[in-house]
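Okay, so here's the structure we're looking at.
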Amino acid sequence: MLDLKFIRENAEFVKINTSNKNATEHVDLIISHDERRREIIQEVEKIKSQRNLVTKEIADLKKVGKDASEKIFAMKGVSDQIKELDDELGEVEDVVKLYIMQIPNMTHASVPIGKNADNNLDVRQWGEIKKVNHKLNHIEIATKLGIVDFERGAKVAGGGFHFYTAKGARLERALINFFLDTHTDIHGYTEMMPPFVANRNSMRGTGQLPKMAEDMYHCQEDDLFLIPTAEVPLTNYHNGEILRAEELNKRICGYSPCFRREAGSYGKDVRGLLRVHQFNKVELVKFVKPEDAFDELESLVSDAEALLKSLDLHYRVILLCTGDTSFASAKTYDIEVWSPGEEKWLEVSSCSNFGDFQARRANIRFKRDANAKPEFLHTLNGSGLATPRIMVAIIENYFDGEKLHIPKVLQKYVGCEFIA
RNA sequence: GGAGGGAUGGCCGAGCGGCUGAAGGCAACGGUUUGCUAAACCGUCGUAGGGGUUUAAGCCUCUACCGCGAGUUCGAAUCUCGCUCCCUCCGCCA
């Protein structure tokens, strides 16, 4: 959510920046309603002030035992007048809130302006395309080795769900543990095991609601959503709180399954593990001082990259253009890993700086010192990493035609050197 | 699921419908004093939103906020109703 005052004072900038994100805005509507809002406030507060004055006079009269019925009579009806204005104020404020929540975060000046993924900027690449002596994709290999079962996943839960089986399950678990261990032991994150469902307030706080409601699984009876990412519980961990400056910059990480209905995405890159309704991910979240946010974004990306280097997987980092940057983000880097089977880059991480956008929605602030005014802090998050496409890359890159070699760093977790 | 109890500022904790934006304590901050640490004393010390003023930090003023939302009343932290969360006990369950 943007600051109303900011919108008022930078209307043109907000309009342009929003359209750069291919989003629509109602800035004019917000501003006109805000004007009416301030009109009403002035009017109603004048009446309230009057009422408070007379009320005090009544109290004084009663205290000395005098008759106040004349003044009391005069005040009859004033409350109704106030209520009427307050009601209108509420309506006007609801409109402002409704539309202000729909304005995306402003992208940072360093973000290239562009319509879609074609305009994204290639920042750097690491490693190189490995020669593989097979022509199989991950589905064929995984099925052959018996480490993923797509058919039974579909039988039990539906299309887009799968089982990891036997050593496949072990390998998946190994990835999760390797990721968590690296972030906690080396990168300075504190591990959290969050709830896998969240309420509306949390979903609104991180920006999934209202826009993404259709993409989430919802438990109607309890009005809870299955989390689409651990970003939701991890960021909302501090919802409504004021942190001390010494606690910043704070890094937390956590594993969770991620649930995505992905309504409407059928037919595109959905084979096998490429796009599924439930997947595992280790998420990195930072709460930082505003002035550190963009530096922290760079280190966040490199924390995720470190994992790919350890796994010796060829990857590239791209800077998303305005049109490809998500609703709540000010700047986003994606990390993509090379898939020999698909002959494509696969997104395995998305690292974003949200500025104060989420903090404002979730009301997360900090004080620079004991007497300072609370300020909104800045939040960041990134995947470190999402496992399915890493699994694809490992399966395709490490299969030698007969057996699947286990990357060195994972061997102690999997307990073997290869799967045959 | 059943029965009770509770929610007040950064924290603890008072609060007969008007004198309570809220006592008192702690913490924090500024200062005075004592040859260090400390103690004592004085002062400051919530948030948000309007309006005014200033080049600005700021200052002045009004309004709202005692879990959330409605209601009663001239007037609600205080009374009524609904909701949420927390605690205790019972039941059920991993």
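Naming convention: chains lettered A, B, ... in sequence-line order (proteins, then strands); numbering from 1 in each chain.
Taking the nucleotide of RNA chain B with the nearest heavy atom to each of A:Ser49 and A:Arg38, the more 5' of the two is matched to A:Arg38. Taking the nucleotide of RNA chain B with the nearest heavy atom to each of A:Arg37 and A:Asp60, the more 5' of the two is matched to A:Asp60.
Counting to the nearest Å, the C1' atom of B:A76 and the CD1 atom of A:Ile58 are 14 Å from each other. A straight line from CD of A:Glu35 to P of B:G49 spans 18 Å, rounded to a whole angstrom. The interatomic distance linking A:Lys48 (NZ) with B:G49 (P) rounds to 16 Å, in whole Å. Regarding A:Lys83, its NZ atom lies at a distance of 17 Å from the C1' atom of B:C74, rounded to whole Å. In this structure, A:Ile40 atom CD1 and B:U63 atom P are separated by 18 Å, rounded to whole Å. Nucleotide B:A48 holds its P atom 12 Å from the CZ atom of A:Arg360, rounded to whole Å. Rounded to an integer number of Å, the gap from A:Lys56 NZ to B:G17 C1' is 15 Å. In this structure, CG of A:Asp34 is placed 9 Å from P of B:G51, rounded to the nearest angstrom.
Look at A:Lys62 and you won't find any side-chain N or O under 4.0 angstrom from OP1 or OP2 of B:C19. In this model, the phosphate group of B:C74 is not approached by any side-chain N or O of A:Lys71 to a distance below 4.0 Å at OP1 or OP2. OP1 and OP2 of B:C62 both lie 4.0 Å or more from every side-chain N or O belonging to A:Asn52. For B:U84, neither phosphate oxygen OP1 nor OP2 lies less than 4.0 angstrom from any side-chain nitrogen or oxygen of A:Arg200.
Annotation: B:G21 and B:A3 have their C1' atoms spaced 37 Å apart (nearest Å). Taking atom C1' on both B:G67 and B:G9, the two are 14 Å apart, rounded to the nearest angstrom. Nucleotides B:C26 and B:G17 place their C1' atoms 31 Å apart, quoted to the nearest Å.
A:Tyr255 and A:Phe179 have their aromatic ring centers separated by at least 6.0 angstrom.
Relative ring orientation between A:Phe294 and A:His108 is described as tilted, the plane-to-plane angle lying within the 30° to 60° band. Aromatic ring orientation, A:His162 versus A:Phe150: tilted (interplanar angle from 30° to 60°). Aromatic ring pairs are classed by plane angle as parallel below 30°, tilted from 30° to 60° and perpendicular above 60°; the pair A:Tyr99 and A:His26 is tilted. Between A:His277 and A:Phe161, the ring planes are tilted. Angles from 30° to 60° get that label. In this structure, A:His187 and A:His183 have tilted ring planes: the angle between them lies in the 30° to 60° band.
Checked by atom type, the side-chain pair A:Thr379/A:Gln358 shows a donor-acceptor distance below 3.5 Å.
Side chain A:Glu45 to base B:G51: no donor-acceptor pair is found below 3.5 Å.
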When Watson-Crick pairs (N1 to N3 and N6-O4 or O6-N4) and G-U wobble pairs (N1-O2 and O6-N3) count only below 3.5 Å on both distances, what is the dot-bracket string of RNA chain B, with | for other-strand pairs?
((((((((.[[[..)..(.....]]].(((((.......))))).((((((((....)))))))).[[[[[..)....]]]]])))))))....
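Here A:Ile41 lies in heavy-atom contact (under 4.0 Å) with sugar-phosphate atoms only. At a threshold of 4.0 angstrom between heavy atoms, the contacts of A:Arg8 are confined to the sugar-phosphate backbone, with no base atom among them.
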